[in-house]
Amino acid sequence: MSTEQIITRFPPSPTGYLHIGGARTALFNWLYARQKGGKFILRIEDTDVQRSSPEATQAILESMSWLGLTWDEGPYFQSRRYDIYNAVIDRLLDRGQAYYCHCTPEELEKRRKAAMQKGLKPKYDGRCRELGLGPKAEAVVRLKTPLSGATRFKDLIKGAITFQNEELDDLIIRRSNGSPTYHLAVVADDIDLNITHVIRGDDHVNNTPRQILIYKALGEPLPQYGHLPMILGPDKTRLSKRHGATSVLTYRDMGYLPHALLNALARLGWSYGDQEKFSLDELVEKFSLSHVGKAAGIFNAEKLLDLNARYIRETPDQTLARELGPFLQNLGLRDIDSQRLQDVVPLLKPRSKTLVDMAEGARFCFEKEIQYEEKGETKFLTPDVANLLIRLRDKLSSLSRFDQNALEEAFAAFLDENGIQLKKIAQPLRMALTGKTASPGLFEIMAVLGQNVVIQRIDKAVAHIRNKQNAQAGQKG
RNA sequence: GUCCCCAUCGUCUAGCCAGGUCCAGGACACAGGCCUUUCACGCCUGCGACAGGGGUUCAAAUCCCCUUGGGGACGCCA
């Protein structure tokens with residue numbers, strides 16, 4: 001029996017940031033390897049010198065790390081593995097499975113266009129195939145593709161897929177500048193790294209027969225293939241930048257938790273009955289390629305937002321307080337009192353969908369001078385509540401304890417003494433304390449703010465009302 | 001144009017492979033309600049789909065065919 005170790009890989013090309021489609025591919029490969037006790041390899045496909053950049057590589061590594069998609073081997077860089085590819089190409093040449101072609105790019109382009117116009121498939125016509133040409137400065141090497149027959153494979157997700165070989169042409173495996181092309185490099189690497197399962201996007205289905213043909217020409221055993229359906233934008237076209245946020249790092253910066261993104265990505269295409277939420281362990285345990293759907297899907301950003309809110313509610317206060325740091329900084333808040341931050345986090349949890357939301361919600365705790373939201377200011381900071389606020393301030397300043405219980409008692413008495421309902425004073429007080437019309441409960445935020453700050457802010461609100469009154473009176477007079 | 005793939009609520013999907021228990025279930029969003037000091041959270045209710053047409057069968061969302069629609073690939077990019 002062969003207890004073959006499962007080895008998967010994620011091979012991004014560093015031509016841009018890691019987008020959520022790529023992240024999902026990485027996730028599925030990672031899950032599959034983890035579940036099977038196998039290995040997950042990261043490989044950077046940077047053979048295109050023009051379009052590859054170190055910055056993109058960095059962004060990809062950073063994205064993977066943030067998501068927690070750890071790799072067991074690599075990252076390998078294709079640009080440093082040319083020896084391997086050249087050896088494979090030479091092997092193919094020796095075996096008579098590949099040949100030199102002297103056609104120029106211009107000629108090829110012309111023929112391609114002509115074929116398209118005639119309604120034919122724009123494939124290479126094979127004119128150098130039997131010429132027995134040798135190496136030459138501008139020559140390329142092509143694979144000798146079978147002229148007849150069919151290439152078929154059983155896709156782990158889509159089932160049996162068949163291509164007639166006559167649909168395929170003699171693809172270039174070595175460029176005129178000596179570098180290997182994508183198909184060759186992928187196969188050579190997958191063989192070298194002992195990849196057993198190739199799990200990748202749907203857009204590679206058409207590449208699969210070409211790659212299989214390379215394996216066959218080499219006499220190497222094939223890996224298993226699983227092609228994931230594409231992720232589409234809301235307009236049902238291939239997801240791209242114009243569909244808004246697609247970069248993994250952008251989601252991080254928008255205040256999403258990696259677990260939420262991972263969960264959302266996992267559920268895009270894959271399902272496990274009616275279950276929507278999964279811990280990482282559950283994902284590893286329950287993931288299965290057979291439950292990956294075949295149809296392309298549209299990324300549901302609203303669902304991700306909802307998931308994020310749920311995960312925020314489940315995250316320990318201390319962790320959130322820590323994660324909130326950079327987001328508070330972005331709001332220009334400095335000198336964050338860590339105790340106060342930890343106290344306010346639980347209040348903000350049920351009303352924050354992202355860390356950005358939460359930071360914004362925490363603003364009132366750390367702002368030196370709170371700014372009043374315009375609409376609320378007009379509506380609630382009015383002359384008729386000024387005296388009430390003053391009386392409330394006096395009441396609060398007389399308290400010796402300032403916890404929630406003490407505050408609730410004090411308020412009960414205060415409302416009674418003044419013959420009013422909490423409604424009457426709640427919104428003005430909220431404006432005074434937070435500058436906003438929406439916030440956590442008043443008693444809770446007062447306890448977090450503390451007696452001094454609460455009194456200061458009420459004083460400030462009263463002064464604000466008076467100023468406004470005077471200004472108006474001045475205008476009239 | 002040629003080839004490959006796909007098709008259940010607005011979106012993600014369960015159900016399909018092993019046809020009946022599905023006048024199709026869940027989630028997000030949306031609408032209404034309850035709770036309530038605001039906003040959320042939570043709870044309840046509602047809205048909403050088997051692309052169309054042929055077969056096969058006692059019976060089809062489930063199997064077959066066609067049509068339509070969508071996506072992808074056709075590079076000395078990956």
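Order of the sequence lines sets the chain letters (A, B, ...), proteins ahead of strands, with each chain counted from 1.
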Note: [X]-[Y] ion pair, threshold 4.0 Å (strictly below):
{"X": "A:Lys110", "Y": "A:Glu106", "answer": "no"}
{"X": "A:Arg310", "Y": "A:Glu276", "answer": "no"}
{"X": "A:Asp192", "Y": "A:Arg81", "answer": "yes"}
{"X": "A:Asp90", "Y": "A:Arg174", "answer": "yes"}

First encountered from the 5' end of RNA chain B, between A:Gly297 and A:Arg351:
A:Gly297
Tabulate protein N/O versus nucleotide N/O from nucleotides 42-44 of chain B, keeping only pairs under 3.5 Å, one per line.
from: B:G42; atom 1: OP1; to: A:Arg313; atom 2: NH1; distance (Å): 3.0

Reckon [X] touches a base, only the sugar-phosphate, or nothing at all at heavy-atom distances under 4.0 Å?
{"X": "A:Ser271", "answer": "sugar-phosphate"}
{"X": "A:Pro440", "answer": "base"}
{"X": "A:Asn300", "answer": "base"}
{"X": "A:Val205", "answer": "sugar-phosphate"}

Residue pairs meeting side-chain hydrogen bond (donor to acceptor under 3.5 Å, both in side chains), one or both in residues 153-164 of chain A, sequence neighbours left out, come to A:Arg152-A:Thr162, A:Asp155-A:His227, A:Lys158-A:Asp202
Examine the base of B:G72 for any acceptor or donor lying under 3.5 Å from a partner atom in the side chain of A:Asp202, and report the outcome as yes or no.
no
Is there, by distance only and without an angle test, a donor paired with an acceptor across the side chain of A:Thr181 and the base of B:C76 below 3.5 Å?
no
Let's see if you get this right: which residues in residues 10-18 of chain A place a heavy atom under 4.0 Å from RNA chain B?
A:Ser13
Fit a plane to each ring of A:Phe443 and A:Phe411, take the angle between them on a 0 to 90° scale, and name the class: parallel (under 30°), tilted (30 to 60°) or perpendicular (over 60°).
perpendicular
